[in-house]
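All ligand and atom numbering here is 1-based and tracks the order in the structure. Only a predicted model underlies this, so the values are computations on that prediction, with no experimental measurement involved.
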Amino acid sequence: MFADIDHLKSTLDTHRPLLPHLVKSLAEDLAIRWTYHSNAIEGNTLTLLETKVVLEGITVGGKSLREHFEAINHKEAIDYVYELCDRNEPLSEWHIKNLHGLVLKNIDPDNAGRYRCANVIITGASHTPPEHFLLNERMGELVAWYETKTNLHPIEKACQLHTDFVIIHPFIDGNGRTARLLLNLELIKHGYPPCIITVDKRLVYYEAIDDWATTGNRHKFLTLIHDCMMEGFGVYQKLGIV
Ligand SMILES: Nc1ncnc2c1ncn2[C@@H]1O[C@H](COP(=O)(O)OP(=O)(O)OP(=O)(O)O)[C@@H](O)[C@H]1O
């Protein structure tokens, strides 16, 4: 299912290392688009250009402080994802909590980086996340699965990490953004360009998670990620690299 992506990745790899100025501008462009789309999926109303301006340190009139923090925090969380990839440490619950801590920094200090102490329902979802007192156990199992599951294709593993995480929904808020950061952590670790689930695909994204959570059918989700990753290679195609 991912043979075409693996082919594009191999072609891209033959051009590495890319020129430093190209790496820098690609990384900046990616961080802005990733931040914009991931926050927009959760209802942040900053536009792509406003997100870019906020990440340059400028405030946008008429937008709440929270929306500003959501953009700034998300960029910090992306930086942390790259740092973790560089350090090549095994993923732990501590890393996941740190990532979430950045997502909710200055927004909800009581819950940033802490598993929820209450039960939650996900609006529109057929599936109910586990009760709060089971979270330590379920997250421990997720990380243990992640450590031992070495024979899965990296894209499938990234998808499963993302989806098992949102099915558990360990935090009171910020689960979606943290899950998409984890998805990309796994992809980047294996040398793939990050996958941006664009806001126009929000409904398909939610339906795909619901399918997976309720019937175990992963096809819709894997297809969505396949398509988003193919789109992600568009920028390299425009540059004539792949
Ligand atoms: N049926 C579902 N089952 C489990 N998780 C789902 C389902 N549908 C969507 N999600 C995930 O839950 C996220 C939204 O969860 P929620 O409404 O609780 O927001 P949140 O926890 O505030 O996190 P964030 O604001 O970053 O998403 C979505 O972005 C998606 O990743």
Asks: Does Glu67 have any salt bridge (charged side-chain N to carboxylate O under 4.0 Å, His left out) partners at least two apart in sequence or in another chain, and if so, which?
Replies: none
Asks: Compute whether any side-chain donor of one residue and acceptor of the other, for Tyr192 and Asp6, lie under 3.5 angstrom apart.
Replies: yes
Asks: What does the list of residues with a heavy atom under 4.0 Å from ligand 1 look like, ordered by chain and number?
Replies: Glu42, Ile122, Ala125, His127, Val166, His169, Asp173, Gly174, Asn175, Gly176, Arg177, Arg180, Tyr205, Tyr206, Ile209, Asp210
Asks: Could you note down all residue pairs passing ring-ring contact (aromatic ring centres under 6.0 Å, His included) where residues 106-136 supplies at least one of them, sequence neighbours left out?
Replies: Tyr115-Phe171
Asks: Do Ile96 and Phe165 have side-chain heavy atoms sitting under 4.5 Å apart?
Replies: yes
Asks: I'd like a table of donor-acceptor pairs (distance under 3.5 Å, sequence neighbours excluded) in which one partner is a side-chain atom from residues 12-23, with atom names and distances.
Replies:
unit_1 : atom_1 : unit_2 : atom_2 : d
Asp13  : OD1    : Arg16  : NE     : 3.3
Asp13  : OD2    : Lys9   : NZ     : 2.9
Thr14  : OG1    : Thr11  : O      : 2.5
His15  : ND1    : Thr11  : O      : 3.1
His15  : ND1    : Ile241 : O      : 3.3

Asks: Where is the tightest heavy-atom contact between His162 and Arg180, given as atom of each residue plus distance?
Replies: CD2-N, 3.9 Å
